[in-house]
Structure formats: structure tokens, C-alpha cells
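Data first, discussion second: the structure below is written as C-alpha cells.
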Number of protein chains: 2
Amino acid sequence: MATIRDVAKLAGVSVATISRYLNKSGYVNVETEQKIKKAIEALNYEPNAVARGLAGKKTNTIALILPDISNPFFPELARAVEDVASMYGYTVILCNSDDEGVKEKSYIEVLKKKYIDGIIFASNTLDSADVEQMTKKGIPVVCLDRVPPKQSCSVVRSKNREGAKLAVEHLLSMGCRKIAHIYGPQEFITAKERLVGYEEAVKHLAWYSPTFMVQGDFRIEGGIRATELLMERHPDVDAIFAGNDLMAVGALKALHRMGVQVPGQVAVCGFDGIGMTEITQPELTTVAQPIYEMGALVSRILIKKIEGTLEADQTYELDVALVPRESTLRRNGHESS
Amino acid sequence: MATIRDVAKLAGVSVATISRYLNKSGYVNVETEQKIKKAIEALNYEPNAVARGLAGKKTNTIALILPDISNPFFPELARAVEDVASMYGYTVILCNSDDEGVKEKSYIEVLKKKYIDGIIFASNTLDSADVEQMTKKGIPVVCLDRVPPKQSCSVVRSKNREGAKLAVEHLLSMGCRKIAHIYGPQEFITAKERLVGYEEAVKHLAWYSPTFMVQGDFRIEGGIRATELLMERHPDVDAIFAGNDLMAVGALKALHRMGVQVPGQVAVCGFDGIGMTEITQPELTTVAQPIYEMGALVSRILIKKIEGTLEADQTYELDVALVPRESTLRRNGHESS
DNA sequence: TAAGCATGTGGTACCGGTTACATATAAAAT
DNA sequence: ATTTTATATGTAACCGGTACCACATGCTTA
């Protein structure tokens, strides 16, 4: 591989001029430019990114730290992040934290040593102290679904509370009268907000009781167990709003095993809008987050922050949308009217 | 951040000694070692990975080039790759090629400039010339499901032909008598091999005709269309073996829309073993590839190759396993006997 | 006793870029 | 006519490591 010095020699100018030409920093005469172009062409020169990184402390690399890429929520997000990153000339390093603080911190250490330009966190373990420390060290951070108390970084999230209300309203409009909720682990803000949204939407209703809320684990298995518990406790439930799609799938499975008709006897609604919801039988109604857009946005924000064109840190709350499908379709609903 | 020179100064030795200590190359006196340890501790010194990369042309970074992380086959693979990579101290860069040669080549260019240590290809566009060129430039490559004619790199794949036969045999044993096949795009070797396996397994049967093979696109939509075409052509089909799980899901959807009972009238079997197969209704029988193991293996091989402990390039053919589930469960099958 | 070798350490060129600073020329401003 | 100013280019230090080579010491071996 040719180096910048080779090019300088062949073009008959100094390395500084080549560098200036390459980075469009400083003056370069048009004729000199031509000579340089030719030399570069002739030598098939490509500037070395690592050397650049060392000299300029900029590597055009960002990291995406998420709990687990196998979790169906994240592939689409990752895809979006990578799409816009590559569009802006950045490369993406993938890290699976399993939501374990230790792993996260160890990744952060490695990434710092690699002069990574910025980090996207889609994780719940991170505490605001970490974020602050990162920012202090000059590493831009953008978070997903996490609001560090002291707003030390930008955040992208979606309207969980509103989404939960949408779900409940939809179920009510479909004629459901006893709507239960399977909520996710309360250390996840998303789970908490959705639970709050649900409560706000149903607490004024006559039948309301805290026993209609059961804990799940944001996974299929937890959805199954929660549904079993729920149906035992309240055999008269006619709708289940699950805190995420995986648990809704679990609910579907559990109800099917029990011989309960969906949506006939019990309607089911999920949250997230992952692809899976389209392949269940019946297809699953869900409150869809704009997953790809969230990834694209978070990536764009990070890059802006890296390149210094971001005015101030901000929280972006994206709209969610109810996607009505078969699992909540009740002929006696008001929606049809 | 402290540098190696700071440490050297504080410890009262030369940078060379520090470097030797850090890399355990060459001699370092035990007492000197203690002094160095103290200095490193005191300064909270961490060697700079970029500088190391520049000096040693080794970055402890590998790249994973795959068509699309959103495709449900890949997240688990990516997870496995990252797991073992991080276990060995490597970091993973994620690249989505969309199976487009241009994108792949452009990624390769970028990665070379970054002194990446090796590449894992899970892509079908790459031709053997590319692989050879990489290897010539000293960048280790390992491929997934791709056999470059000239064995210039290691390959990890699974037994597609055998898997297809397993599927057909299973369907036959469940009492199916007219088994159709939806095959994937023939530029994918996997698709081709599965088709061959199917043909070999059914061609000697009385009912066999090429019209039982329909083309799909390896996606849900293609599975739906192929199934529609198929059922119109052969209303007497009693089993569909799809070339991958996504198309099998499509088949399930299409059959459900047509009011055809699965597995009652038509049994459905997929291929791959992605998570989706467990959430369909009925749950989908599939020929499971050991996806995680494939990712782990391919990653381990690459790292061995990078570290020079791999004797020779080799092709690893992993076993597949039939996972019988509800979608092929027929009471009149022999399996129960 | 001299050569040979394992141990231990330092000096410094090198990896391949960036960039501050010095320098030079021609045109514009005073 | 002199000072500015914009244009243009080169020199060399620097980023933070690695590693080759030189050199010193103490002990074994011929």
C-alpha cells in the first residue's frame, strides 16, 4: 500500500500539501491539485484510516450497545443505525450487553481505547453517572428509551404512556369491558410508562382493580405464565393488553392452549410493532413504535453531535401508532360503526 | 489520558521496557515489573488501541458482512459471532450488504483502510476472485454457506441436501403422499442444494412431477404466492416443504386464507430453525440449522486464522436436525407407530 | 581465560497520517 | 511606496504505540 509520502514524492510536493488536498483544509493550487490527483491515481493510494485515527483522534466509528441483537426488537433498529451511519461514512460496532452493567462498562473501556467517535445506548442498566462520565471524556452519547435524570445526553424514545392509552381505548371501542394488563419489568422505563398509561386509562372504570395487572418479563414465556395466572384469577377478562409484543405472543399461545378464542372471547393487543406480530394466528394488534425511524434518528443525532452541528441535547419523543389487526377484531365493537 | 511515555517516566524506565512488560515480549526484571505496575496503576494507564493498531497492523477488530440483520436468520448468528469474538478480545463491525456486490466491495475497501483483522462473509454475491484477492492482501476471510470454487478460505455450512431429505422422509412418514417444494432463488447455493435434496428424495415416487416445484424468494410474500400457485396447480397436494422458514410461514398464511387445514389437509415443513417457527399457529416443523453454533464456529475459525493457529482452510459441514412440530402432525402417520 | 549465552534495559526509527508554524509571492489597500 | 492580505507550499513535531539493535552484566562452557 502506498503512503502519503509516496504520493508526495511522485507528485513532487510535500506531504502537507497532499494532506491539505485530501482534507480540503488550506490552499492548494489547481495545477498542483492535478498533479496530486494523477499521483494518487497512479499509486492507487488510499489514506490509512488507523493513522488518521491516531493523528486526529477521529475514527469514523460508532458503537451500538444493546441488550441482545437476538431480541426481535433490535435487528431493525440496528439496521437503521447502520444504514444512516454508513450513509455518513461511519462504521458500526455491535455490542450485546445483556443488560448487564459489567459488560457495558467493559465495552465502554474497549471502545474508548479504540477512539470510537460516539456511542448509542439502547440499554437499561446504564446509570446517569456513566453517561456523564462519558460526556465528560468527550465521547458523545445518545440514549434510547432512557432518560438520565441530569440531561447529559440526547434521548430518543416514544410515547409509551400515550401508546398504552391508545391500546386501551381501542380495546374499549372494540367492545371489551374487562381489560387486563401484563406489564414488563419495572426497571425498564418503557414498561413503567406503559403501565401508568394503562392505569390512567382504566382506573376510572367501574370494574377496575389492581388485580388486573400482572407482571411479565418482556418475553414469550413470561407472557404465557402471566396469562395463565390472569385467566385463573379473572376468568371474565375479555381483553389483554401486553406491555410488549413478545408477551402478547405468549398470551396468544397460552389462550390457545386453554381453548380460549382470540379475539372472540379475549382480545389481545401488544406493543412495539415487531415483525412477529404479522405472522401470528390471529395476526396481532399492536401499538407500533417507529423502530426504524428511531434507529435512524438516534444515529443521525449522534453523528450531528460528533460533528458538532447539534445545538443542544434534547429528548425526542416519537409518536406511536395503533395497528389494528385480527387479534382485537370484535364484530360487536363500536369501531365498525 | 496517560501515554506509555508518562508511565516510563514515572516508573523510571524506558518505553521499550514498558512495552515489553505490556506485551510480555522480552525480559523484564521482577522488581522493574513492580515499579511498572505501580506507575500504571497510579496513572490509570490504558494502552491506546489505535496507536497499537498503527504500529502493529492489528486492531482486534473483525467484520461481519451479512445481507440484512433484519432477516430473522441473522440476529442469532450475529450474536454468536459477537459472543466468541468478545471472548477472544475482538470487536465486531456490522455490515449490511443487501446481497449487493457494490455495497460489499465498498465495505471491504473501508475495512481494509481500518486495518480490520478479518472478515466473516455471510453473503451470496461475493465471487471467489474477491475472496482470493482478500486473502492475497493478507486479510483472513471465512465464509458462510458459500464455497468459492478455489478453496481460498474456510467455509462453514450445513447439510442442506441431507436436511431436505430429512424433511421429505418425515413428511412421508407422517403419511403425506404428494409433497411439493417451494424453492428459493437459485443463485443461493443453499436453495439449490435443498432443491436437489428434495428432488432426490421424491423423484422415484410414482406421483413425482416437476410441477410440484415452485419458485419462491426466501421471504414470506414469496411463500404466499408460491403456495397460491401451487394449490391451484395441484389441489391434491398434501404437504409443502418450503426452502426456508419464512416461505413456510408464507405457506401457512396462504393456506389459512384459503381455508385449508394445516396439518389436516396439508402439512407444512420449513428449513432453518429460526425463532419464528415457534410462534406460528400451528407451530412449524422445520429442519433446524445450528445457527448459533455456526456463528460461533465461523468466528472461532476466523480468529484462529488471524492468530495463525489454523493449519489449513477447510469446509465444515454442520448437521441439521428435524424439529417435528404441529404443522406436520398427522394422526395417520407412521411416526406414532 | 576467552567465548558463548541468558537476562535485562535503553535509544530510536517507524507505522502513516495531521497540523502548527515558517516562508514566499502576488495582488490589494493605505 | 509600503503595508496588508489572500494564496500556496514546505518543514518537522506529534499522535502513542512497537520492535530492532546496541549494550551491559553475570554465569556457564570450552
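Every chain is numbered from 1, with letters handed out A, B, ... down the list of sequences.
- Atom OH in Tyr21(A) sits roughly 18 Å away from atom P in dT19(C) (whole-Å rounding).
- When heavy atoms are screened at a 4.0 angstrom cut-off, Thr3(A) is found touching the sugar-phosphate backbone but no base atom.
- The phosphate of dG17(C) has neither OP1 nor OP2 within less than 4.0 Å of any side-chain N or O from Asn48(A).
- Note on Glu46(B): only backbone sugar-phosphate atoms sit closer than 4.0 angstrom, heavy atoms only; bases stay farther off.
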Point to revise | Step-by-step side chain to side chain contact (heavy atoms under 4.5 Å, CB included) determination, Glu109(A) to Lys105(A) | key: CA-CA 6 Å; Glu109(A) 282 313 307; Lys105(A) 297 211 181 19; 5.8 Å; no

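- Atom CD1 of Ile18(A) is separated from atom C1' of dG16(C) by 13 Å (rounded to the nearest Å).
- Nearest to the side chain of Lys57(B), among dG17(D), dG16(C), dT11(D), sits dG16(C).
- Map Gly56(B) and Gly26(B) each onto its nearest nucleotide of DNA chain C; the residue landing nearer the 5' end is Gly26(B).
- Side-chain atoms of Leu54(A) lie closest to dG16(D) of the nucleotides dG16(D), dT11(D), dG10(C).
- Here the nucleotide nearest the side chain of Thr32(B), chosen from dA12(D), dG17(C), dT9(C), is dT9(C).
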Practice item. Would you sort out whether Val84(B) and Ile303(B) count as a side chain to side chain contact (heavy atoms under 4.5 Å, CB included), showing the intermediate values? Key: CA-CA 9 Å; Val84(B) 342; Ile303(B) 291 171; 4.3 Å; yes

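- Tyr115(A) and Asn48(B) share a side-chain donor-acceptor pair at under 3.5 Å.
- Residue Thr17(B) places its side chain closer to dG10(C) than to any other of dG16(D), dG16(C), dG10(C).
- Tyr45(B) comes within 4.0 angstrom of the backbone, heavy atoms only, and of no base.
- Classification of Arg79(B) and Glu82(B) as a salt-bridged pair fails, no side-chain N sitting under 4.0 Å from a carboxylate O.
- A sub-4.0 Å separation between OP1 or OP2 of dT7(C) and a side-chain N or O of Tyr27(B) is present.
- The side chain of Arg20(A) has dT9(D) as its nearest neighbour among dT11(D), dG10(C), dT9(D).
- Applying the 4.0 Å criterion to OP1 and OP2 of dG17(D), one finds that Ser19(B) has every side-chain N and O outside that range.
- In the set dT9(C), dG16(D), dG17(C), dG17(C) carries the atom at the smallest distance from any side-chain atom of Ala51(A).
- In this structure, Val50(A) reaches neither bases nor backbone, as no heavy-atom distance under 4.0 Å exists between it and the strands shown.
- Using a 4.0 Å heavy-atom distance criterion, Glu33(B) is classed as making no nucleic acid contact.
- Lys305(B) has no carboxylate O lying under 4.0 Å from a charged side-chain N of Asp117(B), or vice versa, which leaves the two without a salt bridge.
- With the nearest nucleotide of DNA chain C identified for both Met1(A) and Ser25(A), Met1(A) has the one nearer the 5' end.
- Note: NZ (Lys9(A)) to P (dG16(C)) measures 13 Å, nearest angstrom.
- Picking from dG11(C), dG17(D), dG17(C) the nucleotide with the shortest atom distance to the side chain of Ala55(A) gives dG17(C).
- Residue Val28(B) is in sugar-phosphate contact alone, with no base atom involved, counting any heavy-atom pair closer than 4.0 Å across all strands shown.
- The listed nucleotides are dT19(C), dG16(C), dA8(D); the one nearest the side chain of Arg5(A) is dG16(C).
- Between Arg52(A) and dT18(C) there is a side-chain N or O to OP1 or OP2 distance below 4.0 Å.
- Contact between the side-chain N/O atoms of Asn23(A) and the OP1/OP2 oxygens of dT18(C) is found at a separation under 4.0 Å.
- Of the charged side-chain nitrogens involved, none lies within less than 4.0 Å of a carboxylate oxygen, so that Arg300(A) and Asp83(A) do not count as a salt-bridged pair.
- Distances shorter than 4.0 Å separate some side-chain N or O of Tyr115(B) from OP1 or OP2 on dG16(C).
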